[in-house]
Colleague: 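Attaching a single structure in structure tokens format; questions to follow.
Letters A, B, ... are given to chains in the order of the sequence lines, protein chains preceding strands, and every chain is numbered from 1. Quick note: numbers below take in every heavy atom, side chains included, and nothing from hydrogens, waters or symmetry partners.
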Number of protein chains: 2
Amino acid sequence: MRDRSIFAGLSLDDLRALGMEVQDIRVPAASTLYLEGDRARYAYTLRQGAVKLVKTLPNGRAQIVRLLRHGDLFGFEGLREARHRHSAITLTQTDLCQLDLPALEALSQRLPSVHGAITQRWFSALQEAENRIVELGAKKAEERLATFLCQWCSAYPQGGAVPFPLTRQELGEFLGLSTEHVSRLMAEFKRQGLLSERKGTLDIPDSRRLLQHACTSGACA
Amino acid sequence: MRDRSIFAGLSLDDLRALGMEVQDIRVPAASTLYLEGDRARYAYTLRQGAVKLVKTLPNGRAQIVRLLRHGDLFGFEGLREARHRHSAITLTQTDLCQLDLPALEALSQRLPSVHGAITQRWFSALQEAENRIVELGAKKAEERLATFLCQWCSAYPQGGAVPFPLTRQELGEFLGLSTEHVSRLMAEFKRQGLLSERKGTLDIPDSRRLLQHACTSGACA
DNA sequence: CGTCCAATTGAAACAAGTCAATCTATGTGG
DNA sequence: CCACATAGATTGACTTGTTTCAATTGGACG
């Protein structure tokens, strides 16, 4: 797993020798790792579990900006800004690698490979964010949900029932919909046999069929 | 202007000496600089005018992903990917600086300051994209429009009437709304004396008052 | 003066949100 | 083992927000 991390090629010992504090931690579900506006001390790589990054409007409405899973990084905005731009909250029990930001900064300046890996992640995050802008701006509720569910499951190549730790409310906060509306859409998908759920897992028997609801009126990607 | 560009500190002659092709071009309004999926040859810096970056869904719906003005860069995804991720279309007559991507790539590897400047722009773009996700996901039409108009005008510090080259349709494609709905909201804002328009310019006499429509039910940023 | 395109307006259809009640699973303490 | 409490999910009825379609207006320009 450290292969596909930003430290590809470096062992834990290498990192320690370079002055990099690396702390492996396990936290329970619903833990707050940091809050929007907190002074940024650590960045994280996610080894196991799921995390949501949330922004909250002054009036209290919350928007999940990104969902993170195995292999994802977060908190790296602390390299450029003093404070975190969003809150990070675990959705499940989660294994993390906690990286001291000042040390990471120093390391990134010394090792081009590390710097490049971080830059690449920013680039990918930008790409993903732009795709989400399209989802939110140009698609209807049913299409957003169908697209999202298929994408979520496609991260588990083996198929079959996959872990699905999101509540209806969290789905709503991610997709820009009300809890109730999400619930209704999920029920409708189930009624049509497009998916089934069982306590924390989701099964999409035929994702091509579900994808037909992802971009109505016209053929789809 | 070259100060705040990615080539801060380098003169045009410096650039040419380093093998960097720099082409200053002027194009009319509604010019397509490149299309989504085109092989990426050039990146651009925008000296004067306005450009929209658009993504189109298979069914034809379009979403403006980003709006660019003086000093903004675009097309730089060509450094990481072979093809452009969106279409770039001018909204006005526009002065651009066209950069040959392979040469830029080489230059960026040689000069850390250039590389760092590009990285910084990606980081800012990510930040902006995440803010837009919140706008689209958590706000209602009126709030989105009010927020956007204020932000647009705040880029012109002098106040008063500012250039505003967007059609109602483009506003809709940016904010995820129908043309007609944008039109109605604009009319309503005008009726309330919150703004006025005159052939390509926009005037917001009191942006604080307009911002009260930007995040209803609760105090706002 | 007629043409064209954008903007506006109205009426009706539709999508999505809100509020309230119910249901279900899960866990708790008696 | 059984009430009971709790939190999330579901459902229904209703309201509000937004789109759609169609018609009209208005301005810019040849």
Colleague: So does Glu130(B) pair up with Lys55(A), basic N to acidic O under 4.0 Å?
Modeller: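 So Glu130(B) does not pair with Lys55(A) through a salt bridge.
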
Colleague: What are the 5'-most and 3'-most nucleotides of DNA chain C lying under 4.0 Å from any heavy atom of chain B?
Modeller: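 The protein-touched segment is dA7(C) to dA11(C).
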
Colleague: Can you pull the salt bridge (charged side-chain N to carboxylate O under 4.0 Å, His left out) pairs that have at least one residue in residues 140-162 of chain B, sequence neighbours excluded?
Modeller: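 Residue pairs passing salt bridge (charged side-chain N to carboxylate O under 4.0 Å, His left out), neighbours aside: Arg61(A)-Glu143(B).
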
Colleague: Under 4.0 Å from any atom of DNA chain D, heavy atoms only: list the residues of residues 163-172 of chain A that qualify, in numerical order.
Modeller: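 Under 4.0 Å from DNA chain D: Thr167(A), Arg168(A).
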
Colleague: Which residue pairs pass the salt bridge (charged side-chain N to carboxylate O under 4.0 Å, His left out) test when at least one of the two sits in residues 87-97 of chain A, sequence neighbours left out?
Modeller: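 Counting only pairs at least two positions apart or across chains, the salt bridge (charged side-chain N to carboxylate O under 4.0 Å, His left out) contacts touching residues 87-97 of chain A are Arg26(A)-Asp95(A).
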
Colleague: Does anything in residues 146-159 of chain B form a side chain to side chain donor-acceptor pair (under 3.5 Å)? List the pairs, not counting sequence neighbours.
Modeller: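 Every side chain to side chain donor-acceptor pair (under 3.5 Å) pair that includes a residue of residues 146-159 of chain B, provided the two are not neighbours, is Lys139(B)-Thr147(B).
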
Colleague: Can you sort out the partners of Glu173(A) under side-chain hydrogen bond (donor to acceptor under 3.5 Å, both in side chains), two or more places apart, ordered by chain and number?
Modeller: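 Once residues adjacent in sequence are excluded, the partners of Glu173(A) under the side-chain hydrogen bond (donor to acceptor under 3.5 Å, both in side chains) criterion are Gln169(A).
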
Colleague: By the ring pair (Phe, Tyr, Trp, His ring centres under 6.0 Å) test, which pairs, at least two apart or in different chains, include something from residues 119-144 of chain B?
Modeller: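 Sorted result for residues 119-144 of chain B: Trp122(A)-Phe123(B), Phe123(A)-Trp122(B).
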
Colleague: Please indicate whether Arg83(B) has more than 12 foreign heavy atoms, meaning atoms of other residues, nucleotides or ligands, lying under 6.0 Å from its CZ.
Modeller: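 Yes - once you tally the heavy atoms of other residues, nucleotides and ligands closer than 6.0 Å, there are more than 12.
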
Colleague: What one-letter contact string describes nucleotides 18-30 of chain D from 5' to 3', where B marks a base within less than 4.0 Å of any protein heavy atom, S marks contact via sugar-phosphate atoms alone, and - marks no contact?
Modeller: SSBB---------

Colleague: Would you please test Phe189(B) and His213(B) for ring pair (Phe, Tyr, Trp, His ring centres under 6.0 Å) and show each step?
Modeller: CA-CA 10 Å; Phe189(B) 283 154; His213(B) 296 255; 5.6 Å; yes

Colleague: Among residues at least two apart in sequence or on other chains, which ones pass side-chain hydrogen bond (donor to acceptor under 3.5 Å, both in side chains) with Gln48(A)?
Modeller: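 Not a single residue meets the side-chain hydrogen bond (donor to acceptor under 3.5 Å, both in side chains) criterion with Gln48(A).
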
Colleague: For Tyr42(B), check side-chain hydrogen bond (donor to acceptor under 3.5 Å, both in side chains) against everything at least two apart and list the hits.
Modeller: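 Tyr42(B): no side-chain hydrogen bond (donor to acceptor under 3.5 Å, both in side chains) contacts found.
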
Colleague: Compute the angle between the rotation axes at the two ends of the helix from dC1(C)-dG30(D) to dG30(C)-dC1(D), each taken over five pairs, rounded to 10 degrees.
Modeller: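 One end axis against the other gives 20°.
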
Colleague: If you draw the axis of the six-membered ring of Phe174(B), does the NZ or CZ of Arg132(B) fall within 45° of it and under 6.0 Å from the ring centre?
Modeller: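 Yes, a cation-pi geometry.
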
Colleague: Assign Arg191(A) to base, sugar-phosphate, or nothing according to its heavy-atom contacts below 4.0 angstrom with the strands shown.
Modeller: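 Contact class for Arg191(A): sugar-phosphate only.
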
Colleague: Got a sec, which residues hit side-chain hydrogen bond (donor to acceptor under 3.5 Å, both in side chains) with Glu81(A), two or more places apart in sequence or on another chain?
Modeller: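 Counting only residues at least two positions away or on another chain, Glu81(A) forms a side-chain hydrogen bond (donor to acceptor under 3.5 Å, both in side chains) with Gln127(B).
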
